[in-house]
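What follows is a set of notes on a single structure, which appears directly below.
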Amino acid sequence: MDMVEDVNDEGDISIANISASGVEGLKTSAEGYRTALINQRRAVDSAKDSLVDFRRNEKNADDQATNTEASLEDAKEVQELKDGQVLEDTKRSLAAGLASSAVAVEQAQYQLSLYETTAPISGVVESIDVEVHDNASPAQAAMVIANKDSMKIEFSVPQNVRDNLYVGQSVRVKKDDSKFKGSITEIGETLDSGSGLFKIKAVINGGGELLSGSSVTVKVDSYRDDSGIVVPYDCVYYSNGEPFVYVIENGVAVRKDVTTGMFDEKHIVIIDGVKAGDQVITSWSSDLRDGVKVQVEGENSTDSTDTSSESGDDEQGKAGE
């Protein structure tokens, strides 16, 4: 039996006599311990590595969670933007559809209006020239409607008369025994080549008795003279073509030579020869002459008076055109 005198460096065994098999067993045990220790260290290192990986994975998970939250917020914002855009797009689409529908309604109303005829004025239907199912023509009036509250008339005048007329000037209209008043609304600017006259339009208020298309007599003041005194036409006499009148002075008839101006069938303008306040004799008598005494019938007039002469004889002529 071999004896081992030295102590093994791996332990603190102090045995003087150890058999070879015991030494081998100790070596084997030591190797087992060493291997176990190495494995344990490896396990610790692996655990440390696992811990590092875990922490790294934990950090990655946190980063991923943070990124996921950010992505979620971005997704929410994008979705909100999309929802708002969709809403605006929907509004625009609905507005476009509404506008299109309005156009369609207008077109339908226009098409419907083509089947209806509306008179431009309100009034009384005086005549109807078409019947149901007849063919209408632009050249033929379907009916005649008269606004009795404002009848229009049209007449023609020469240029010298037209130049003295103005819009708004009053006119007098006569139809049989009915008389109406109106005013000029339009004065023609173009000469009618056929008649050589200018067309004048006027409106009559309250001409309910008139029928459209009927003929009437129109009177309008085409000339005006404010420079003289207007007297009855019959009180002006002529001698050798020179006009004169009789006035009353101190109860006798006095002949006054005068200058006349405009006149019509009832009145005449005296430009010179008498003045305002003179009593012009308006009645005629075969005894009327210059210097004869006259008697005034009724109240005196400031412009003219009716008289009867007492005596006298004189050759006289009646006023004429």
Side-chain angles (χ1 to χ4, degrees), residues 155-166 169-174 176-177 179 181 184 187-188 191-192 195-198 200 202 215-321:
F155 58 97
S156 300
V157 298
Q159 183 173 355
N160 60 336
V161 174
R162 173 199 172 278
D163 293 341
N164 290 284
L165 302 180
Y166 57 90
Q169 183 176 354
S170 62
V171 297
R172 300 176 298 279
V173 180
K174 182 179 180 181
D176 299 329
D177 294 331
K179 296 181 180 180
K181 292 183 179 181
I184 294 175
I187 298 176
L191 181 70
D192 185 273
S195 63
L197 302 174
F198 290 87
I200 309 297
S215 298
V216 296
T217 300
V218 181
K219 290 185 178 182
V220 59
D221 296 332
S222 56
Y223 298 96
R224 184 180 183 87
D225 190 348
D226 297 327
S227 61
I229 298 174
V230 178
V231 299
Y233 182 83
D234 292 338
C235 72
V236 178
Y237 304 93
Y238 289 83
S239 176
N240 297 324
E242 297 297 328
F244 65 93
V245 298
Y246 288 105
V247 298
I248 300 175
E249 292 183 358
N250 300 321
V252 299
V254 178
R255 172 174 169 166
K256 296 283 187 178
D257 294 330
V258 296
T259 301
T260 59
M262 294 172 49
F263 63 92
D264 58 19
E265 69 275 11
K266 292 184 178 181
H267 302 88
I268 187 169
V269 176
I270 298 179
I271 300 174
D272 189 25
V274 296
K275 61 182 180 299
D278 288 345
Q279 289 183 301
V280 178
I281 300 175
T282 59
S283 62
W284 179 85
S285 171
S286 60
D287 295 329
L288 183 60
R289 60 184 177 84
D290 190 31
V292 70
K293 292 182 179 181
V294 295
Q295 180 181 356
V296 178
E297 296 180 354
E299 297 181 356
N300 293 339
S301 171
T302 57
D303 294 326
S304 61
T305 183
D306 291 333
T307 64
S308 60
S309 59
E310 297 179 350
S311 63
D313 187 11
D314 192 12
E315 182 179 352
Q316 304 169 34
K318 192 175 183 181
E321 295 185 15

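Since the structure is predicted, the reported quantities are computational estimates derived from the model, not experimental observations.
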Can you name the nearest heavy-atom pair linking [X] to [Y], along with the distance?
X: Gly273; Y: Val258; answer: CA-CG1, 4.0 Å
X: Val236; Y: Pro243; answer: CG1-CB, 3.9 Å
X: Ile271; Y: Gly261; answer: CD1-CA, 3.7 Å
X: Ile184; Y: Ile187; answer: CG2-CG1, 3.9 Å
X: Tyr246; Y: Ala253; answer: CD2-CB, 4.2 Å
X: Pro232; Y: Ile268; answer: O-CG2, 4.0 Å

*Are side-chain heavy atoms of Val274 and Val245 found at a separation under 4.5 Å?*
yes
Atom pair [atom1] ([X]) and [atom2] ([Y]), whose distance is rounded to the nearest 0.5 Å:
X: His267; Y: Asp234; atom1: NE2; atom2: CG; value: 10.0 Å
X: Tyr238; Y: Thr260; atom1: OH; atom2: OG1; value: 4.5 Å
X: Ser283; Y: Leu288; atom1: OG; atom2: CG; value: 7.5 Å
X: Gln279; Y: Thr282; atom1: CD; atom2: OG1; value: 10.5 Å
X: Lys256; Y: Ile270; atom1: NZ; atom2: CD1; value: 11.5 Å

Could you check whether any side-chain N or O of [X] sits under 3.5 Å from a backbone N or O of [Y], counting only pairs where one atom can act as donor and the other as acceptor?
X: Gln169; Y: Asp221; answer: yes
X: Asp163; Y: Asn160; answer: no
X: Asp290; Y: Arg255; answer: yes
X: Arg162; Y: Gly188; answer: yes

_Verdict with supporting geometry, Asp287 and Val292, side chain to side chain contact (heavy atoms under 4.5 Å, CB included)_ = CA-CA 8 Å; Asp287 295 329; Val292 70; 5.6 Å; no
*I would like to know whether Phe198 and Asp192 meet side chain to side chain contact (heavy atoms under 4.5 Å, CB included); could you show each step before the answer?*
CA-CA 6 Å; Phe198 290 87; Asp192 185 273; over 6 Å; no
